[in-house]
Amino acid sequence: MRRRSARARQAERLWLLVLLGATVAWGQGSSPAGAPFARGEVLNYSVNWPSGLSLGEAQFKVGGGEPGWKFEFSLDASLPGFEIKERYQSTAGGQFCSEILEKEFVRGVRKGREKVTYDQKKRVAERQTLGGGRSEVSVPECVKDGLTFLFFLRRELAAGRVPPAQAVNLGAPYQVTASYADSPQLEVSGTRQTTDRVLVSFRGPASSHTIEMFFARDAARTPVLVRAPFSLGTFALELVR
């Protein structure tokens with residue numbers, strides 16, 4: 001079996017970090033009951049090296065027709081000599097149960113495109129790849145892909161609760177646990193404010209990681225900073241105004 005390069009592993013970890021820990025909330029649109037974000041949001045953030053030097057940028061968009069949702073994500077970043085481009089689009093129902101996840105990526109010399117279709121009644125996720133590959137995996141009731149889970153977490157925090165541990169589909173099943181840590185003060189866009197630090201741990205078939213997420217105490221529970229430790233150092237995702 002061919003082993004993945006260190007750069008490829010770093011790129012995949014960066015992708016998991018972005019999906020589980022980076023969203024900033026502002027924009028125009030109507031917010032339905034129970035959701036702190038609105039259809040029409042445009043979400044932007046920067047990905048930084050431990051030194052503070054920018055690694056790249058990304059964007060989230062929220063759309064879809066009521067009661068459902070459509071979440072879009074794009075990332076353009078690079079490690080030294082290693083390009084990373086990610087494009088994801090997730091469709092979910094009104095209760096944040098995943099329906100379709102489509103993604104394209106470039107990670108160094110690797111390129112791929114795939115589509116995952118979730119049959120919530122049969123509790124099955126079917127994955128189809130660009131080369132014609134097809135596979136199925138059993139999933140729990142109302143399973144969420146990583147992109148949908150990100151917005152579900154925001155909704156739960158805005159309602160004053162931390163979601164219970166659950167399985168999330170990130171190409172493979174991951175057990176995701178969120179827990180409250182403390183309430184530090186951070187400098188956010190020139191203003192010092194109290195935030196809530198939440199630890200998000202995820203364990204998959206071959207890896208496990210824990211990231212720190214800092215949420216503003218606003219109605220939208222806006223994440224203002226995310227930190228994730230990797231072998232090259234601790235990377236930060238910082239709010240961009």
Side-chain angles (χ1 to χ4, degrees), residues 4-28 37 40-62 71-90 103-112 146-147 149-151 153-154 170-171 181 184-202 207 209-216 218 220-241:
R4 294 174 300 163
S5 68
R7 286 178 175 175
R9 291 194 297 271
Q10 289 291 334
E12 291 178 6
R13 290 175 183 176
L14 174 62
W15 173 74
L16 289 172
L17 162 65
V18 170
L19 284 188
L20 286 176
T23 179
V24 293
W26 68 81
Q28 303 296 323
F37 43 83
E41 278 187 337
V42 176
L43 318 167
N44 296 278
Y45 63 92
S46 65
V47 184
N48 298 331
W49 283 103
S51 64
L53 183 66
S54 178
L55 177 66
E57 57 186 20
Q59 184 178 81
F60 280 91
K61 293 182 179 180
V62 181
F71 305 118
E72 297 181 36
F73 165 73
S74 62
L75 168 71
D76 290 284
S78 63
L79 298 167
F82 194 94
E83 182 184 32
I84 305 169
K85 289 184 179 293
E86 308 277 351
R87 300 288 184 273
Y88 293 81
Q89 182 172 287
S90 177
K103 55 185 178 180
E104 295 183 63
F105 66 85
V106 175
R107 299 168 188 164
V109 297
R110 290 184 60 210
K111 296 182 180 181
L147 185 54
F149 177 80
L150 182 66
F151 288 91
L153 175 59
R154 280 182 62 192
L170 295 170
Q185 286 200 337
L186 295 179
E187 192 80 17
V188 181
S189 300
T191 302
R192 194 160 187 82
Q193 60 181 269
T194 300
T195 63
D196 288 318
R197 184 167 69 104
V198 176
L199 303 181
V200 181
S201 300
F202 50 103
S207 63
H209 306 283
T210 298
I211 63 176
E212 296 178 285
M213 301 180 63
F214 298 80
F215 293 88
D218 56 7
R221 305 298 279 150
T222 306
V224 296
L225 175 66
V226 179
R227 293 178 181 151
F230 296 121
S231 60
L232 296 179
T234 298
F235 287 89
L237 303 177
E238 297 185 12
L239 178 68
V240 177
R241 291 293 187 186

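Smallest separation of non-hydrogen atoms from Val240 and Ser46: CG2-N, 3.5 Å. Shown here for Ala181 and Leu199, the closest heavy-atom pair between the two residues is CB-CG, 4.1 Å.
For the atom pair Glu104 CD and Ser74 OG, the distance stands at 12.0 Å (nearest 0.5 Å). A distance of 10.5 Å separates CG in Leu170 from CG in Leu147, rounded to the nearest 0.5 Å. Within the model, atoms CZ of Phe215 and CG of Leu225 stand 11.0 Å from one another, a figure rounded to the nearest 0.5 Å. Annotation: the span from Phe37 atom CZ to Leu150 atom CG amounts to 9.0 Å, rounded to 0.5 Å. Rounding to the nearest 0.5 angstrom, the gap separating the CE atom in Met213 from the CZ atom in Arg227 is 13.5 Å.
With sequence neighbours excluded, the residues that form a salt bridge (Lys or Arg N to Asp or Glu O under 4.0 Å) with Lys85 are Asp76, Glu83. Taking Arg221 as the reference, Asp196 meet the salt bridge (Lys or Arg N to Asp or Glu O under 4.0 Å) condition, with sequence neighbours excluded.
Between Tyr45 and Val226, the closest side-chain pair of non-hydrogen atoms is not below 4.5 Å. Counting only heavy atoms from C-beta outward, the side chains of Phe60 and Glu41 never approach each other to under 4.5 Å. Side-chain contact check for Phe105 versus Arg110: some heavy-atom pair is nearer than 4.5 Å. By the 4.5 Å heavy-atom criterion applied to side chains, Glu72 and Gln59 are not counted as neighbours.
In this structure, Thr195 contributes its side chain and Pro184 its backbone to a donor-acceptor pair below 3.5 Å. With hydrogens and angles disregarded, a donor-acceptor distance shorter than 3.5 Å links the side chain of Arg87 to the backbone of Leu75.
Between Phe151 and Phe71, the ring-plane angle classifies as parallel under the 30° and 60° cut-offs.
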